[in-house]
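Naming convention: chains lettered A, B, ... in sequence-line order (proteins, then strands); numbering from 1 in each chain.
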Amino acid sequence: MGYPIWDLAIGGSLLMALVAIPHVIVSHFAIGGGLLIALTETLAVKRGDPELRGLAKRSSLMLILVSTVFGAISGVGIWVVAGLVSPGAISALIHTYVWGWAIEWVFFVLEIVAALVYYTTWDKISKGAHLLVGWLYFVAAYLSLVIINGIITFMLTPGRWLETGAFWDGFFNPTYWPSLALRTGLCLMMAAAFMVFPAMRAAAAHRVRLVRYLGWWFAAGALVSYAGYRWWEAALPDSVHALFRGATPKLATLAATRHFALWSLATALALAVIILLLRPRLARPVTAAVLAVAAFAFFGGYERLREGVRKPFLIHSHMFSNGLRVAEIADVNQRGVLAAAGWAGQAAAADPADTGRQVFRAQCASCHTLDGYQSIRKALPSVADALAVAADDPAGSGARAYREQCTACHPDVSYQDMKGMLPSADEIRGDPGMIRDLNQGMIAAAVVKLRAMGEVYLAADRTTMIDTSPLHSPYMPPLVGTEEEAEALVAYLASLADGREPRMAMKGGE
Amino acid sequence: MNPNLIPALDPAGLPGPPWLFHVLLVFTFFLHMLFMNLTLGGTLLAAVAHFGGGGRREDPRGALAGRLMAVNSYGISLTITTGIAPLLFIQVLYQPYFYTATILIAGAWLAMLLLLTLGYYSAYVYKFRGAPARGEGGGLWLVASAVMFLLIAMVHVAVHLLHSQPERWADFASGAACVLTDPTYFPRLLHFVLAGIGFAGLVAAWWAVRQARAGAEVELNTAIASYTWKWVLWATVLQVVDGFVLLLLLPRPLLIGFMQGGAATMIPLTLAILLGIGLLVMIARVTNPVASPGVVSGTLWAMVLTIAVMSITRHQLRVLSLAPATTLSEPVVAPQWFNFSLWVVLLLAGLATVGCMVRRVLTSPASGADAA
């Protein structure tokens, strides 16, 4: 928490997604491509099949241009972005797993050198030597996945590491093997999806055969991915399931993401069967692009889900998404969050009127922007919201506004009951300060609940994964700091909502 | 210095003794420098040579540009790959300083990714669509690539200065761009740029001399060797001058720290100065590189050694500069010796595999139907 805070309009999590999702797509292609290209060349040599050889050769150029360039840069990019938006988390991961990353780097060096040698030596060295290079590339690339998979899965299910703090306990955690299976399937899907494009450049007489060949790999990848996904879900603890599974998931958006991901996978498999296996002549750049997009959608959906179900943690039960460690809660409550967050504290000391904003930056800004992604302003109650509910003009709009703006915090109060409790529209117009006070009270009540969550975390057994599902906001970190800081935060948040238009109007109305 | 602005050390501690990470950081940084010099200096030199040769491949300078960028299309990958290790170890060792510095210039640090992507693909476009493939043209792609890499160097120098001067963070907080006004900023940048040009030129000259001595395109290779040798000479002259300017501009406490460091700091610094001057003498003595292949090879090895020694001196400067802050709190050390040993074994196995692979490739030439 002690780092400077980068005020990023689009929000840190969105920036990370923009860098990480293209990276994982490309990096999985780089691994699966390694397998399919080496295998394709091996078959080409055994069968004396120049068309298969051509497919391997054309694909290897794509492998170089996409994976060694974009893959390498975006891989570094993940570190760069993590260091900017979550320095505490990336520091914790690196200090725990530096040797894991160093091992992955060894495989990465081998992978890159082999890729460059493989592409450069077409037509120049013996078939056996070239095949050796190709297979070395694949082995190195896959081993890099074997390593990084341990670190990624550790963040969601640290397993016995929470108790022992031992490297290998965290590495071979409960979702390690399911995730590896899932990602292996994804590698095949990504590779086949990319290689369809060079396959379409083959001579017309051989195009159908090559496309169908890739179709089998795509279908196999999709099935392995599905099995891996189900295994992954089964390996998650019930407390995580509660966030996105069941009749009343705590995070409805994640439940929707799960449906989206699985339907995308089903669509991708169906498209692959039709376009690549049953009617390969339908394989055109457009249809291949649609197939690739469906596969990417599943992958992106899964990654979003994996990140989402980790909420409110960056490392489950160890570090929250704002860099606060569970073990720090008592200390920060005593010292104050601005004492722990030196840069924000410095700014608040220079301008005491800015204290609330600095508390927000230190604790909330890692997930909430002011007006962009996960806008805090839109999440706050305003005078305009109350007016929209009370006025109900035109008829029915009040109920809609209530549904949109209020039920998240008042799920047990009906619209009619709320309208009965609220002053009339004219009264609100005449004395908006009354509603401002009311809103500030609501914000204060929410802050109290968020602070109370800290006590639950303090009392929790930190040697196992903490069950967040019974909490008031299971997807949010607790609010920490002193009473004065909490009051300053409430005043700041209340000031943000002043003058805001109703949320429906901000969306363009109905 | 405001200690409140220095983030706390990671409670997980160092997974090995600090000296180990100092050694690994310096060694991997040195490896990165070799490829970085080729990328930055090679692209700059290629751009100058391309336009000097009228943008035509037939001109020796055009051919030089093509050669340098042929190397760079792989060298850039290896620059990134070798850059990952020092990036990893600096985060372990200097986490509070490094992350703070990058956040202070977050926009520029993030833009580095875009610059790198554009610079890399521009280099490929020049290779496949410019003079090397079509006989002429494509110079603008080369310039674009060189500018991108130069901007990346500027970002890195800024991050280095920011992370090693926590006592100035309060000033930087209001606008980190003022790091550009640090008196050592441009001499440092120039030190990297000149090293890059000198090293890339020397590698190109060394290769041309080898080719010429083997009887391959003797006239062309002789012209390339002579041309690049002049660049190596003048880059080294300026480098020695810039090195002394940089030394004089260093804050006085740092210079005193160096003097008081005894043999540990004075030997690398003295060696670096002597090597720099020695390089200058070696280069100046050669008028026809093709006629002096031994001196050319010796100069190349001496420059590699100079880069290694300078990497040590640069790191020692950082250690001294950060000493007032780093002595405030000692890191917890929780060694993971098994994991370190596993890494060493895999590193050796990996390097051996690379060696075997390259050897197998070099001993398996084939053509026609026998080729892959």
Residue A:W122 versus chain B: region with a heavy atom under 4.5 Å:
both
For A:Q346 and B:N4, which I'm curious about, is there any donor-acceptor pair between the side chains at under 3.5 Å?
no
For B:F89, is it the side chain, the backbone, both, or neither that has a heavy atom closer than 4.5 Å to a heavy atom of chain A?
side chain
Non-hydrogen atoms of chain A under 4.5 Å away: do they reach the side chain of B:A70, the backbone, both or neither?
neither
Would B:H160 and B:F98 count as a side chain to side chain contact (heavy atoms under 4.5 Å, CB included) if you check the C-alpha gap in whole Å, the side-chain angles of each, and the deciding distance to 0.1 Å?
CA-CA 8 Å; B:H160 182 86; B:F98 180 73; over 6 Å; no
Given the options B:G16, B:A334, B:G368, B:S77, which has more heavy-atom pairs under 4.5 Å with chain A than any of the others?
B:S77
Taking atom types as modelled, is there a side-chain donor on B:S367 or A:D123 under 3.5 Å from an acceptor on the other?
no
In terms of relative ring orientation, are B:W343 and B:F340 parallel, tilted or perpendicular, with 30° and 60° separating the classes?
tilted
Side chains of A:W135 and A:T42: is there a donor and an acceptor less than 3.5 Å apart?
yes
Between B:L104 and chain A, which part of the residue has a heavy atom less than 4.5 Å away: side chain, backbone, both or neither?
side chain
Specify which of B:A349, B:P365, B:A106 makes the most heavy-atom pairs with chain A at under 4.5 Å.
B:A106
Tell me which of these, A:G88, A:G342, A:A129, has more heavy-atom pairs under 4.5 Å with chain B than the rest.
A:A129
What option among B:V92, B:I76, B:I80 has the most heavy-atom pairs under 4.5 Å with chain A?
B:V92
Of the listed B:L87, B:L14, B:L351, the one with the largest count of heavy-atom pairs under 4.5 Å with chain A is B:L87
Would you call the rings of A:F171 and A:Y97 parallel, tilted or perpendicular if under 30° counts as parallel and over 60° as perpendicular?
tilted
Is it the case that the ring center of B:W169 lies less than 6.0 angstrom away from the ring center of B:H163?
no
Assess the residue pair A:W99 and A:F167 against the criterion (ring-ring contact (aromatic ring centres under 6.0 Å, His included)); give the C-alpha distance rounded to whole Å, side-chain angles, the decisive distance to 0.1 Å, and a yes or no.
CA-CA 9 Å; A:W99 299 122; A:F167 181 103; 9.4 Å; no
Checking heavy atoms, do the side chain of A:A140, its backbone, both or neither come under 4.5 Å from chain B?
neither
With a 4.5 angstrom heavy-atom cut-off, could you sort out which part of B:F128 is near chain A: side chain, backbone, both or neither?
side chain
Contact leader toward chain A among B:G107, B:P96, B:G350, B:A85, where contacts are heavy-atom pairs under 4.5 Å
B:A85
Contact origin within B:P3 toward chain A - heavy atom pairs under 4.5 Å
neither
Is it true that A:D331 and A:R335 have a side-chain N and a carboxylate O under 4.0 angstrom from each other?
yes
Using heavy-atom distances under 4.5 Å, tell me whether B:D370 contacts chain A through its side chain, its backbone, both, or neither.
backbone
Name the orientation class of the two ring planes belonging to A:Y142 and A:F138 (parallel below 30°, tilted from 30 to 60°, perpendicular beyond 60°).
tilted
Heavy-atom distance under 4.5 Å to chain B: side chain of A:V113, backbone, both or neither?
both
For the candidates A:V19, A:I73, A:V106, which exhibits the highest count of non-hydrogen atom pairs separated by less than 4.5 Å from chain B?
A:I73
Can you check whether B:F21 reaches B:P15 side chain to side chain, under 4.5 Å on heavy atoms?
yes
Can any side-chain N or O of B:S364 pair as donor or acceptor with the backbone N or O of B:V361 at less than 3.5 Å?
no
Is A:L15 close to chain B through its backbone or its side chain, or both, or neither, when contacts mean heavy atoms under 4.5 Å?
side chain
Given a strict heavy-atom distance threshold of 4.5 Å, which part of A:I103 is in contact with chain B: side chain, backbone, both, or neither?
both
So which residue, A:V117, A:V98, A:T96, ends up with the most heavy-atom pairs under 4.5 Å with chain B?
A:V98
Selection from A:L131, A:V85, A:T120, A:T121 maximising heavy-atom pairs under 4.5 Å formed with chain B:
A:T120
A:A92, A:S91, A:G2: which one forms the most heavy-atom pairs within less than 4.5 Å of chain B?
A:S91
Given heavy-atom pairs under 4.5 angstrom as the criterion, report whether the side chain, backbone, both or neither of A:I112 touches chain B.
side chain
Go through A:E41 and A:L52 one step at a time and tell me if the side chain to side chain contact (heavy atoms under 4.5 Å, CB included) criterion holds.
CA-CA 7 Å; A:E41 193 195 352; A:L52 273 178; over 6 Å; no
Proximity breakdown for A:L136 and chain B, heavy-atom pairs closer than 4.5 Å
side chain
Would you please classify the geometry between the B:F338 ring and the A:W168 ring as parallel, tilted or perpendicular, with 30° and 60° separating the classes?
perpendicular
Aromatic ring pairing A:H130/A:Y118, orientation class (parallel under 30°, perpendicular over 60°, tilted between):
parallel
Among A:L132, A:L8, A:I90, single out the residue with the greatest number of heavy-atom pairs under 4.5 Å to chain B.
A:I90
What part of B:Y74 gets within 4.5 angstrom of chain A, counting heavy atoms only: side chain, backbone, both, or neither?
both
